[in-house]
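Worth knowing before you read on, the calculation uses all heavy atoms, side chains too, and leaves out hydrogens, waters and symmetry mates.
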Amino acid sequence: MPTILSPMPTIQLSLPTLMEPTAQRMPPCNHFSVPKWDESKPRELTQYFKELEYLFRDCSITNHTQMKEYMARYVTYDTDETWTGLSKFAATTISYKNWKEAVICLYPSAEESTCYTVNKLHQLVQDNFDLSAYTLGTFLMYYRKFQKIFWWLLQHGKIHANEE
């Protein structure tokens, strides 16, 4: 009996190709993950910028015009009008960094150089002078506030450590 050789069927396997990762998109303005800033707390404005710039890096946004638009997009309508009303907003030759500095100038207490003062430290000590009425919890709250202000003033050269 003759042997019949049948060719083996060829099976073509294709492995799924890995897609290159695409840059993340900036979230819509009411999304839970957008940076938020409350205008009643101007000291937090620089933190808003830090969060926004983190998103810019994450989403590969380097175009200064886009950066300025997103910076104004995530704030209230009134704040948006104020920021986009600055002449530096429309000027394409002005960088995001320069426009951000112009915005910070609108909120004097947002500038890092005015974050804390020696008078604020003195006031904190005066307000908490009578420690006999304090519990451990309230003393530690005072201590944390004191440490925050003291170390900021020391790091920014507003006070000097006693070297004795």
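Salt-bridge check for Glu53 with Lys97: failed, with every basic side-chain N at 4.0 Å or more from each acidic carboxylate O.
Residue Gln147 qualifies as enclosed at atom CD: its count of foreign heavy atoms under 6.0 Å is above 12. By the 6.0 Å contact criterion, CG on Asn63 is enclosed, its count of non-hydrogen atoms from other residues, nucleotides or ligands being greater than 12.
Using modelled atom types, one finds a donor on one side chain and an acceptor on the other under 3.5 Å when comparing Asp127 with Gln123. Defined by atom type and a distance below 3.5 Å, a donor-acceptor pair is missing between the side-chain atoms of Tyr96 and Gln66. Side-chain polar atoms of Thr76 and Thr79 form a donor-acceptor pair below 3.5 angstrom.
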**Request:** Tell me, with the steps shown, if Tyr74 and Tyr48 meet ring pair (Phe, Tyr, Trp, His ring centres under 6.0 Å).
**Result:** CA-CA 10 Å; Tyr74 296 136; Tyr48 168 76; 7.5 Å; no
**Message:** As a quick check of understanding, evaluate side chain to side chain contact (heavy atoms under 4.5 Å, CB included) for Met26 and Phe56, giving each step before the final call.
**Reply:** CA-CA 8 Å; Met26 291 291 283; Phe56 290 157; 3.7 Å; yes
**Verdict with reasoning, Tyr107 to Glu39, per side chain to side chain contact (heavy atoms under 4.5 Å, CB included)** = CA-CA 9 Å; Tyr107 306 93; Glu39 195 169 345; 3.6 Å; yes
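Between Lys50 and Tyr54 there is no side-chain heavy-atom pair separated by less than 4.5 Å. Under the 4.5 Å side-chain criterion, counting only non-hydrogen atoms from C-beta, Pro42 is not in contact with Leu106. Side-chain contact between Lys120 and Thr117: present, with at least one pair of heavy atoms (C-beta onward) separated by less than 4.5 Å. You'll find the side chain of Met71 reaches within 4.5 Å of the side chain of Val103, heavy atoms only.
By the ring pair (Phe, Tyr, Trp, His ring centres under 6.0 Å) test, Phe49 pairs with no residue at all, sequence neighbours left out. Under the side-chain contact (heavy atoms from CB on, under 4.5 Å) criterion, Leu154 pairs with Phe150, Trp151, Ile159, Ala161, sequence neighbours left out. The side-chain contact (heavy atoms from CB on, under 4.5 Å) test applied to Lys36 returns Val34, not counting sequence neighbours.
Between Asp78 atom CG and Asp80 atom CG the span is 9.5 Å, to the nearest 0.5 Å. Atoms CG and CD, on Asn119 and Gln126 in that order, are 11.0 Å from each other to the nearest 0.5 Å. Rounding to the nearest 0.5 Å places OG of Ser60 at 11.5 Å from CG of Leu55. Put simply, CG on Leu153 and NE2 on His160 are 11.0 Å apart, with the number rounded to the nearest 0.5 Å. Here the SG-CE distance, from Cys59 to Met67, works out to 11.0 Å after rounding to the nearest 0.5 Å. Atoms OH and CG, on Tyr142 and Asn128 in that order, are 6.0 Å from each other to the nearest 0.5 Å.
Under a hydrophobic clustering in which Ile, Leu, Val, Met, Phe, Trp and Tyr are joined whenever their side-chain heavy atoms come within less than 4.5 Å, directly or via other members, Leu140 and Val125 fall into the same cluster. Under the 4.5 Å side-chain contact rule for hydrophobic residues, Met141 and Leu124 do not share a cluster.
Closest approach of Ala72 to Val75, counting heavy atoms only: O-CG2, 3.2 Å. Between Tyr70 and Ile61, the closest heavy-atom pair is CE1-CD1, 3.7 Å. Nearest approach of Cys29 to Arg73, heavy atoms of both residues: CB-O, 3.8 Å.
A donor-acceptor pair under 3.5 Å is formed between the side chain of Lys68 and the backbone N or O of Ile94.
Classification of the Tyr143-Phe139 ring pair by plane angle, with boundaries at 30° and 60°, yields parallel.
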